[in-house]
J.: 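Handing you this structure, nothing more for now.
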Amino acid sequence: MFNANKSSITMRQSTISVLTAMLLVNTAMVAQDNNNAYNFLNVSPSSHVYALGGHNVSLIDDDVNLVEQNPSLLGPEFDHQVGLSYMKYIGSTNFMGARYGQGLTEHSAIGGGIQYYGYGSITQTDATGVVTGDFSARDLAISLTYSHDIFEKWRGGITLKYISSKYDVYSAGAIAADLGVNYYDPSTEFSVGLVVKNLGGQVKKFDNRSDKLPWDVQVGFTKMLKSFPLRFGMTVYGLRHWHLPYYKPADKDNVSSELIERDKFGSNLLRHLVFGVEVLPVENMYIGIGYNYRTRTDMSTYKRSLLSGFSIGAGIKVKAFAVGAAFAQPHSGATTFMFNLNTSIGELTGQGR
C-alpha cells in the first residue's frame, strides 16, 4: 500500500477502522517483502475460497469467481456465467466486483472481471494537526482471462490485469499477469493446481516512488472422498520465501509492549499452508470451513479472537441462481462477511449451458 510522505496529510485516530482494514489487507504479504504494494490483490472475490481459508488454486466448482485464484480453472463449462461479489470489511471498507465467463470452443474459454476496493473516508489534517477535511482511498483491478485444454485432464490459463490505485491526490497503476495450470481427473475427483500470480510492474508511480507487486507461487490439491460427501484440500502459498517470521507478545496477557520474533521450522511451514474441508450434504450445496495459520499468527500482536485464522461459509444453487456466503473474524475488532451471486445467462433464457 502507499504511504504518503507529504507532511500535509496525516492519519488521525478517528480513522482507525479504515487503517485497520488496510493493515489486514497488507498482512498477507508484508512479512515476505516490505516493499510490496497492491496487496489487495491477495483478497479473493470468491466466498467459496474465502470460506476455505482465502487461498485455493485447485477447487473445481460451478463458480466463475474461482478463476481469480487460478486462470486455468476457467473453461467452456462457464459459458455465459456471471458472478457478482461483495465483501463487508472493517468500518466503512467495502469490496465488490463482477466476473464473466464465455466458452470460445470445446476446449477454450475467455473471461473478464473487475474488482473495486473502497476504504471509505479518511480524515485529513495539516502538519499541525488541524483537520482540513476528508479524503478517500480506493483500488481497482480489471482483468482478462484466457484458458485452453493442453492435454486430456490438463488445462492452462493466463490472466492479464490492469491495476489502479488512487489515494487522495496520489495515483498509481500497474500491469500484472497470472499464469496457471490445472490437472483434474473427474473419475476420482482429484485436482491439482499451480499458479504464478501477479507477475509484472508499475506503469505509473506514486509520487516517483517505486513499489513491487506481491507476486507469488502457489500450488494445491483438492480431493473428494468416495465413501462420504466430503471434500478436502490444501494450498501452499508464499513459496518465494521459506522464512516467514512473525512477532508475538513476550507475555501471554499482552501486558508488556515487548515482542519476540518467531522464526522456527514448524511455524514457517504452517505459515505457508491453508487447509479447507467441505461437506456436500446434497447436490449443488456445500458447507465449508478453512484454517489459515498465517492469518492467526499475523494477528498475534493484536487482540485476536478464538476464531482468528478460521473461516466458514456455505453455498447453494437453486435453478439458475447460485448464492454463497462466508464469515471470518481475523481479530476481535474485525468481523468480515462476503457474499456471492452467480447465474448463467443461458439458463435464465431457458437455453441451458
Side-chain angles (χ1 to χ4, degrees), residues 23-36 39 41-44 46 48-59 69-70 178-183 190-199 212-225 230-252 254 258-278 288-302 304-313 326 328-331 334:
L23 169 66
L24 289 176
V25 173
N26 275 278
T27 54
M29 297 294 289
V30 78
Q32 291 189 27
D33 191 337
N34 289 329
N35 294 322
N36 282 340
N39 289 303
L41 295 171
N42 296 304
V43 181
S44 173
S46 168
H48 199 161
V49 170
Y50 195 68
L52 299 179
H55 297 276
N56 193 307
V57 298
S58 58
L59 182 61
Q69 288 285 290
N70 186 344
D178 298 345
L179 305 174
V181 63
N182 175 252
Y183 168 85
F190 177 70
S191 172
V192 177
L194 170 67
V195 63
V196 181
K197 305 189 72 173
N198 301 318
L199 291 171
K212 297 179 182 179
L213 289 170
W215 78 274
D216 192 20
V217 180
Q218 303 179 6
V219 62
F221 75 91
T222 300
K223 179 70 174 72
M224 172 76 82
L225 298 182
L230 184 74
R231 182 164 56 190
F232 63 92
M234 181 180 74
T235 302
V236 186
Y237 73 115
L239 289 178
R240 290 175 54 204
H241 303 274
W242 164 251
H243 291 279
L244 297 177
Y246 70 96
Y247 294 86
K248 62 180 298 184
D251 58 273
K252 293 182 179 180
N254 200 14
E258 182 182 356
L259 300 175
I260 57 175
E261 183 183 70
R262 296 297 300 269
D263 191 14
K264 296 183 178 180
F265 176 85
S267 64
N268 280 315
L269 175 62
L270 289 173
R271 280 170 61 80
H272 284 282
L273 306 179
V274 176
F275 303 93
V277 179
E278 301 171 84
I289 185 171
Y291 180 65
N292 189 323
Y293 179 76
R294 187 169 173 181
T295 297
R296 182 169 182 83
T297 50
D298 279 340
M299 292 296 104
S300 61
T301 56
Y302 301 90
R304 72 182 185 191
S305 69
L306 181 64
L307 298 178
S308 294
F310 289 95
S311 53
I312 189 170
Q329 190 179 62
H331 71 82

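Reckoned from all heavy atoms, side chains included, excluding hydrogens, waters and symmetry mates.
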J.: Quick one, Y291 with F310, criterion ring-ring contact (aromatic ring centres under 6.0 Å, His included). Give me CA distance, side-chain angles, the key distance, then yes/no.
T.: CA-CA 5 Å; Y291 180 65; F310 289 95; 4.7 Å; yes

J.: What residue among T222, N182, N56 forms side-chain hydrogen bond (donor to acceptor under 3.5 Å, both in side chains) with S191?
T.: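 Among the candidates, only N182 passes.
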
J.: Please check if the side chain of N268 supplies one atom and the backbone of L244 the other of a donor-acceptor pair under 3.5 Å.
T.: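 At least one qualifying donor-acceptor pair exists.
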
J.: Any side-chain heavy atom of L194 within less than 4.5 Å of one from Q218?
T.: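 When only atoms from C-beta onward are counted, Q218 and L194 do not touch, as no gap falls below 4.5 Å.
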
J.: Search all heavy atoms of N39 against all heavy atoms of P214 and return the closest pair with its distance.
T.: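 Answer, listing the atom of N39 first, then P214: OD1-CB, 3.3 Å.
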
J.: Please step through side chain to side chain donor-acceptor pair (under 3.5 Å) for the pair R262 and T297, ending with a clear verdict.
T.: CA-CA 10 Å; R262 296 297 300 269; T297 50; over 6 Å; no

J.: Between V57, N292, T295, which is the residue that forms a side chain to side chain contact (heavy atoms under 4.5 Å, CB included) with V274?
T.: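 Only match with V274 under side chain to side chain contact (heavy atoms under 4.5 Å, CB included): N292.
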
J.: For the residue pair F232 and F221, does the interplanar ring angle fall in the parallel (under 30°), tilted (30 to 60°) or perpendicular (over 60°) class?
T.: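 The rings of F232 and F221 stand perpendicular, inter-plane angle above 60°.
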
J.: Within a strict 4.5 Å, meaning less than it, do heavy atoms of the S58 and V192 side chains meet?
T.: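 The answer is no, as the side chains (C-beta and beyond) never meet within the 4.5 Å cut-off.
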
J.: Donor-acceptor pair, D216 side chain versus G238 backbone, under 3.5 Å?
T.: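 Pair found, side chain donor or acceptor close to backbone of G238.
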
J.: Looking only at non-hydrogen atoms, find the nearest pair between N198 and L213 and report the distance.
T.: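 N198 and L213 have their closest heavy atoms at O-CB, 3.7 Å.
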
J.: Taking the side chain as every heavy atom from C-beta outward, state whether R296 and D298 have any atom pair closer than 4.5 Å.
T.: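 Sidechains of D298 and R296: no contact.
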
J.: Under the criterion side chain to side chain contact (heavy atoms under 4.5 Å, CB included), I'd like the reasoning laid out for Y246 against R271: C-alpha separation, chi angles, the key distance, then a yes or no.
T.: CA-CA 10 Å; Y246 70 96; R271 280 170 61 80; 3.7 Å; yes

J.: List in chain and number order the residues that pass side-chain hydrogen bond (donor to acceptor under 3.5 Å, both in side chains) with Q69, two or more places apart in sequence or in another chain; answer none if no residue qualifies.
T.: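 With neighbours one apart ignored, the set is empty.
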
J.: Once rounded to the nearest 0.5 Å, what's the spacing between atom NE2 of H272 and atom OG of S267?
T.: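 Those atoms lie 9.5 Å apart.
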
J.: Would you call the rings of Y237 and H55 parallel, tilted or perpendicular, where under 30° means parallel and over 60° means perpendicular?
T.: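 Y237 vs H55 ring planes: parallel.
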
J.: To the nearest 0.5 angstrom, please state how far the CZ atom of F275 sits from the OH atom of Y293.
T.: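 Reported to 0.5 Å precision, the distance equals 11.5 Å.
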
J.: Within this structure, what is the CD-CZ distance for the pair E278 and R231, rounded to the nearest 0.5 Å?
T.: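 Answer for the CD-CZ pair, E278 versus R231, is 4.0 Å.
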
J.: If you measure from CG on D178 to CG on L199, what distance do you get to the nearest 0.5 Å?
T.: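 Between D178 CG and L199 CG, I get 7.5 Å after rounding to 0.5 Å.
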
J.: Measuring from L52:CG to T235:OG1, what's the distance to the nearest 0.5 Å?
T.: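 Those atoms lie 8.5 Å apart.
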
J.: To the nearest 0.5 Å, how far apart are CE in M234 and CG in L273?
T.: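 One finds 5.5 Å between CE of M234 and CG of L273.
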
J.: How close do G53 and S311 get, counting heavy atoms only, and between which atoms?
T.: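 Taking G53 first and S311 second, the nearest heavy atoms are N-OG, 3.3 Å.
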
